[in-house]
Amino acid sequence: MLWNCALSSRLFFNKSISISFWGHLSNIPRYYKTMQRAVVRCVPSESKLTISFTLDGSQKHMLRDQSEELGKVLARISNGIIKAQAKAKKSKKNKCNEPSEVVEPVVRLHYNGDYVANDVANFDAWQDGAVLHVSEVKYKIERNPPTFTIAELPVALLAGFPICPKLEIEFGDLNHCIFTWYKEQAPNEDSWIETGTGRVFTPSNVDIGLKIKFKCIPGNETKYGVANELVSSSTIEAGPGVCTFDSRHQYTKKVTDNSTLRVLSYNILADIYAQTDLSKTVLYPYCAPYALGIDYRQNLIKKELLGYHADIICLQEVDKGVFSDSLSPALDAFGMEGNFRIKEKQHEGLATYFRKAKLQLLSQHDIQLNEALRKDSLHSELLDNLSNNPILREKVMKRSTTMQVTVLQPLSNASKPICVANTHLYWHPKGGNVRLIQIDIALRHLKQVISTEHPGASLLFVGDFNSTPSSGLFQLLSQGSVPKAHPDWASGGPEEHCPNGLHNPFELQSACGEPAYTNYVGGFQGCLDYIFLEPRMLCVEQVIPMPSHHEVTTHQALPSVSHPSDHIALVCDLKWK
């Protein structure tokens, strides 16, 4: 009889598990220890299954219909062997002038000690724990074992900065995988020293100049799959030393308890903007070119974000690839779940993450502001007013500005849902009128979401509003209204003048006040980013101090070798009332 199939697939067929691991298997017959493995991927929702195994040193991948009879697959394996034998015999005969004979192999599938009938459908035949016999070779069938579909290391590795691999798993759970880290014993030597475990590894200065190796064994609750081994393409380099966020991390060493929410908003500077000629020669000429590179900046961004231990993270200017390949793998390893909203016809957008141990996702209500203005009757009056000024209307309609709306519920108190709105408004210095229109659309949408979908939810409205405290937008959000006479209505010139009195349906306050600046570049310094909250349910417990002016200007301005963006993250602790 076959030994327990769950045990066999969990322990037995991970050939890359260390020899010491096998010491626990001394009571298992040698027969099973020497059996080869065949992997069958069979998903009920798909019409095909795949069978993968190694035969005579060659890897075989068979794609077959799940409804096909087993006998046809076994015959195909047999015919393939016969053809290979005939080809080899023919070559030998030509060399030796001796007749050769092709022997038909015996190919059968066993399950629980019995042959599986040839007329059984593939879906039912290839069971976990079955044994495929190909002449004298036996293969233990592993059906849907945990498997990494993606396993990648970052390109740039810096001492003192966390290394977070990108991992995607099928039929498994990252929480049940085994992760081991190694470093070279010496540069360019193929000998390795174990140096850590877990999904994340932070190299130190003694590792500079060395490559690292990451061994990951996929697993689930019952078994393990085949290990992957990844070797870094580059060596560990020296980090930048002290960063602007290091002193801020002294206030955020631990995750907050259930009575508090730590909220973060940060424009992380999209790579598509950092790499333009304008950025390199006009906007950030003081920044070393390598420090503008996305691989370098991502090391700083990940370390900064992870060190804040935030419960809610709202990011702007997030490259699509950065979200999936860099940020999400890192934040997921630290218990954060995230969603991404891309801007239309662009490669960057918004990302909102939340701590899974404290919050759960209830719903999402993202919008593109110009589309909402055009299609939602909620904004018909505003659209009619804009129709009187076609120049301004066209300008607003061309903007692909979006707002990400995520409704979360604290796991400790289902009666206190939170509506988190994350946006990045129009950037132009003379676009105050456009931003007023955008914020009016946003507020009306949020009012509808909360009043109809989640009554009683508390609003957190955060992001890069591209508006200073003297703007009409800030007045609307913090004071409740903005008059037709506000100068921002004339910010685009006489041809765009379309005054409109606006009212804010929410009572909001700026959690972090009015910092001297949240954006500091060579040609501009000012406060553009905010975290607005409704004080009826939440109050500010702590605002994480901004970096000192000396820290910001050590390398003249932002970004720099010690700061990854031209903006500064806002971080605060909010306490439930």
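Keep in mind the model is a prediction, meaning the values are calculated, not measured.
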Open item on the list: Among N267, T518, N422, N519, which residue satisfies the side chain to side chain donor-acceptor pair (under 3.5 Å) criterion with D464?
Closed with: N267

Task: Closest heavy-atom pair and its distance - P547, I568 - done: CD-CG2, 3.6 Å

Open item on the list: Test your reading of the model: is there a side-chain donor-acceptor pair from D65 to the backbone of S67, 3.5 Å cut-off?
Closed with: no

Task: Near-ring test W181/F201, centroid separation under 6.0 angstrom - done: yes

Open item on the list: Taking the six-membered ring of F53 as reference, does the cationic atom of K60 (NZ for Lys, CZ for Arg) lie under 6.0 Å from its centre and within 45° of its axis?
Closed with: no

- [ ] Determine whether more than 12 heavy atoms belonging to other residues, nucleotides or ligands lie under 6.0 Å from atom CD of E136.
- [x] no

Open item on the list: My understanding is that only one of V40, D128, V226 makes a side chain to side chain contact (heavy atoms under 4.5 Å, CB included) with E142; could you say which?
Closed with: D128

TODO: Please lay out, stage by stage, how K320 and E348 fare under the test salt bridge (Lys or Arg N to Asp or Glu O under 4.0 Å).
DONE: CA-CA 6 Å; K320 183 178 181 180; E348 58 94 1; over 6 Å; no

Task: Atom pair CG (N122) and CG (L49), whose distance is rounded to the nearest 0.5 Å - done: 5.0 Å

Task: Point-to-point distance, once rounded to the nearest 0.5 Å, from CD of Q360 to CD of E337 - done: 10.5 Å

- [ ] Answer yes if the side chains of Q66 and S47 hold a donor-acceptor pair under 3.5 Å, and no otherwise.
- [x] no

Open item on the list: Any donor-acceptor pair under 3.5 Å linking the side-chain atoms of E170 with those of T147?
Closed with: no

Open item on the list: Check for me whether R297 meets the cation-pi criterion with Y284, that is, NZ or CZ under 6.0 Å from the six-membered ring centre and within 45 degrees of the ring axis.
Closed with: no

TODO: Over all heavy atoms of both residues, which pair between S279 and A274 is shortest? Give the atoms and the distance, please.
DONE: CB-O, 3.5 Å

Task: Nearest heavy atoms of P154 and K302, plus distance in Å - done: CG-NZ, 4.3 Å

TODO: Decide, yes or no, whether a salt bridge links E68 with K72 under the criterion of side-chain N to carboxylate O below 4.0 Å.
DONE: no

Open item on the list: In terms of relative ring orientation, are F179 and F148 parallel, tilted or perpendicular, with 30° and 60° separating the classes?
Closed with: tilted

Open item on the list: Whether D207 and K183 form a salt bridge (side-chain N of Lys/Arg under 4.0 Å from carboxylate O of Asp/Glu) is what I want to check.
Closed with: yes

Task: Distance-only side-chain donor-acceptor flag, S58 / D56, under 3.5 Å - done: no

Task: Lys/Arg-Asp/Glu bridge criterion (N-O < 4.0 Å) met for R41, E46 - done: yes

TODO: Determine the interplanar angle of the Y266 and H563 rings, folded into 0 to 90°, and report it as parallel if under 30°, tilted if 30 to 60°, perpendicular if over 60°.
DONE: tilted

TODO: Calculate, to the nearest 0.5 Å, the distance between atoms OG1 and CD1 belonging to T149 and I169 respectively.
DONE: 8.0 Å

Open item on the list: I'd like to know if the side chain of S328 pairs up with that of Y353 as donor and acceptor (distance under 3.5 Å, no hydrogens or angles considered).
Closed with: yes

Open item on the list: Do D319 and H347 pair up side chain to side chain, a donor and an acceptor below 3.5 Å, judged on atom types alone?
Closed with: no

Task: Approximate separation, where rounding is to 0.5 Å, of I312 CD1 and T406 OG1 - done: 9.0 Å

Task: H110 side chain vs V131 backbone, donor-acceptor pair below 3.5 Å - done: no

Task: Contact summary for P545 and Y251, nearest pair of heavy atoms - done: CG-CZ, 3.6 Å

Open item on the list: Has R355 got a side-chain atom pairing as donor or acceptor with A310's backbone, closer than 3.5 angstrom?
Closed with: yes

Task: Over all atoms of both residues, closest heavy-atom pair of F171 and P145 - done: CD1-O, 3.5 Å

Task: Interatomic distance, C164 atom SG to L327 atom CG [nearest 0.5 angstrom] - done: 10.0 Å

TODO: Quick one: closest heavy-atom pair of S135 and P105, and the distance?
DONE: OG-CB, 3.3 Å

TODO: Ignoring hydrogens and angles, state whether a donor on the side chain of S234 or K211 is under 3.5 Å from an acceptor on the partner side chain.
DONE: no

Task: Centroid separation H249 to Y308 less than 6.0 Å - done: yes

Open item on the list: Between Y182 (side chain only) and S191 (backbone N and O only), is there a donor and an acceptor less than 3.5 Å apart?
Closed with: no

- [ ] Output yes when K356 and D332 qualify as a salt bridge under the 4.0 Å nitrogen-oxygen rule, no when they do not.
- [x] yes

- [ ] With rounding to the nearest 0.5 Å, note down the distance linking NE2 in H555 to OG1 in T244.
- [x] 9.0 Å

Task: Donor-acceptor side-chain pairing of D190 and W192 below 3.5 angstrom - done: yes

